[in-house]
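Have a look at the structure below before the remarks.
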Amino acid sequence: VYSSRTKDNRKLFRTAARLTAAAAVCLLPVGCGTAPAAGVQITPQSYGSPSGDQKAGGPVAADFVDITTVRPTGPANGNGLAANGRSGSTGSFTTSCGTNRNQLHNSDNLIVAPGVDNGAHHTHDYVGNQGNDAFASNDDLAKAGTSCRNRGDRSTYYWPVLRQQDGTDEFDAGQLGGGAEGNVGTILRASEAQIRFVGNKKGDVVAMPKFLRIITGDAKAFTNGVANANALWSCTGFEDRQLSDKYPICPAGSKVVRTANFQSCWDGRNIDSANHRTHVAFVQKDGSCPQGFKAIPQLQIRLVYDVRAPRIRNGKVREPFAVDGFPEQLHKPVTDHNDFIDVFDDGLMRKAVDCINSGQQCR
Amino acid sequence: MGSTRGALAAAGIVGVLALSGCGSAGEPAAPAMATGSLEQLASQVGCAPEIQTDAAEIRQAICAGDGDEFILATFTGDAGQRQWLDVAEDYGGHYLVGDRWVAVGGTEVIAALRGRLGGTTEEGRSHHPAGGGGEEMAAHPGHHG
């Protein structure tokens, strides 16, 4: 006996999972193939953890800092610097792909773990391409729908969801990737998800190759160390102050901001590498690319959340917000990360590059 | 399934492999580990590979049948292969690991592939709820963390 789930079935299962989380009780991953609920993988021991008994494993009070008390800083490890400035290629291309209003989530990671279905130990938000799952081919991505207003952008943009640990059970409360692994509480939808491509302050950029894969940040930075970390947390009105290893507590009226400035230097040949990192590089402090790399448009993603500031009393944090992550990473802010596959039509990529190199602000 | 996928019989890869001598009862004896290019490995299991990534360090394809799809990747270096596996296995999954090649898919597909290609099976990490006890790391050698 083997699973005969098809790609279309899997999508159906996921839709069902979103809509009928608590009602799904089929515990057999195979054998009830005609019922949509069959794909909802629920392990008996983890199912139905009641509200108020959610175990997150983190974050702790020391992971938060009042943004008004910190000095302006940049990323501590030199990753994630903005590549653009007043010189070089000063234009930009902004793509409007929404805020995942349709709640497209899964716990796969097509770049890092292809073929691992329901695999990742955290839940992602997807905007742009609507067909990203563990077995999506380049062809599937090129043919899938997109949430982007410009239909020439079928790129997939995905990041771990942010949650408020408020005792609420989400659709994934009992599932691997969700509540069964400490990713608990209300999934917060960003109030803004700004996605733009900018230039390089040292000169022109060249087009990204189609299907270029970039992962930025390190979901395991808490245990791996910060070599690949790229997390920037701040608050609206305070974005000259960026935190790389703390969550901000924003004053009244100010919202939480997650920023990802991607690697924007490319080796000129490869859309991926064995460790998914060495075919691209971050710009150096002066905006230049390392030897052997050429500047491509820099993807800058800025997510804004209208989230209740956590309360900290007697060294304990109540109802914190936190990124989804691997359980042993304890939802540390340094583990924030962001993933991208370029699925621009050739014509649109040319237009974006022209805008950037000619100093125009396009959308 | 998309018509552009590998041209496999409706029986699917597992069915094809089952007919070829690796029975479903018990653990079949694995042959000597296969070697070769991605295309050569794919042809040994009757897959028309859909190439996704053709990069210097890694080539990666989808072999698709009727629900039996799996990923096949080849590497130019042992270190790159191990790095690729280490990050992938953090996300769970079922793997068949050979000499500079890896297959990823469901457990049945992986078992059937092993009957044709040899190699060693590896399981990705599975996590327990945070605070709910230790963490299981089954057959996950060489994890760096």
Side-chain angles (χ1 to χ4, degrees), chain A residues 1-9 45-46 49 54-58 107-109 112-121 134-140 143 176-177 179-184 211 213 215 219-220 223-224 267 269-279 326-328 330-331, chain B residues 1-2 4-5 12 14-15 24 50-58 60-62 64 66-73 75-77 79-84 86-95 102-109 111-112 124-132 135 144-145:
Chain A
V1 175
Y2 59 91
S3 167
S4 61
R5 289 179 299 161
T6 66
K7 198 173 208 60
D8 291 339
N9 279 342
Q45 68 270 27
S46 63
S49 89
Q54 295 180 329
K55 292 208 167 73
S107 57
D108 299 350
N109 192 329
V112 172
V116 181
D117 205 2
N118 265 330
H121 297 276
F135 283 98
S137 68
N138 292 345
D139 201 38
D140 291 332
K143 287 176 177 159
L176 294 178
E181 298 185 288
N183 294 309
V184 294
F211 303 119
R213 287 137 163 81
I215 59 173
K220 301 190 74 189
T223 52
N224 282 349
D267 73 2
R269 287 186 56 208
N270 297 295
I271 63 164
D272 201 357
S273 46
N275 65 4
H276 310 294
R277 295 194 188 271
T278 54
H279 62 300
F326 295 113
E328 76 282 3
L330 307 179
H331 304 281
Chain B
M1 292 302 297
T4 59
R5 288 295 173 85
V14 171
S24 57
E50 225 189 298
I51 304 288
Q52 305 298 302
T53 299
D54 195 356
E57 297 176 346
I58 177 175
Q60 186 177 311
I62 298 179
D66 186 13
D68 303 328
E69 53 204 342
F70 63 95
I71 302 292
L72 188 59
F75 301 86
T76 48
Q81 177 178 355
R82 194 64 249 170
Q83 287 177 337
W84 189 93
D86 282 348
V87 290
E89 286 178 350
D90 281 335
Y91 290 77
H94 316 287
Y95 303 82
V102 171
V104 193
T107 48
E108 295 83 4
V109 176
R125 303 169 81 197
S126 64
H127 292 271
H128 293 297
E135 150 185 311
H144 309 293

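Computed from heavy atoms alone, side chains included, the values below leave out hydrogens, waters and symmetry copies.
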Exercise. A:R213 and B:T53: side chain to side chain contact (heavy atoms under 4.5 Å, CB included), yes or no, with the steps?
Worked result: CA-CA 10 Å; A:R213 287 137 163 81; B:T53 299; 4.1 Å; yes
Exercise. Highest number of heavy-atom pairs under 4.5 Å with chain A: which of B:Q52, B:Q81, B:H94?
Worked result: B:Q52
How long is the span from the [atom1] atom in [X] to the [atom2] atom in [Y], to the nearest 0.5 Å?
X      : Y      : atom1 : atom2 : value
B:I58  : A:H276 : CD1   : NE2   : 6.0 Å
A:F326 : B:R125 : CZ    : CZ    : 7.5 Å
B:Q83  : A:T278 : CD    : OG1   : 7.5 Å
B:I71  : A:S137 : CD1   : OG    : 9.0 Å
B:D54  : A:R269 : CG    : CZ    : 10.0 Å
B:E57  : A:N275 : CD    : CG    : 6.5 Å

Heavy-atom pair of closest approach, residues [X] and [Y]:
X      : Y     : result
A:N109 : B:Y91 : ND2-OH, 3.6 Å
A:A274 : B:W84 : O-CD1, 3.2 Å
A:A113 : B:A88 : CB-O, 4.0 Å

Exercise. B:Y95 and A:V116: side chain to side chain contact (heavy atoms under 4.5 Å, CB included), yes or no, with the steps?
Worked result: CA-CA 9 Å; B:Y95 303 82; A:V116 181; 3.4 Å; yes
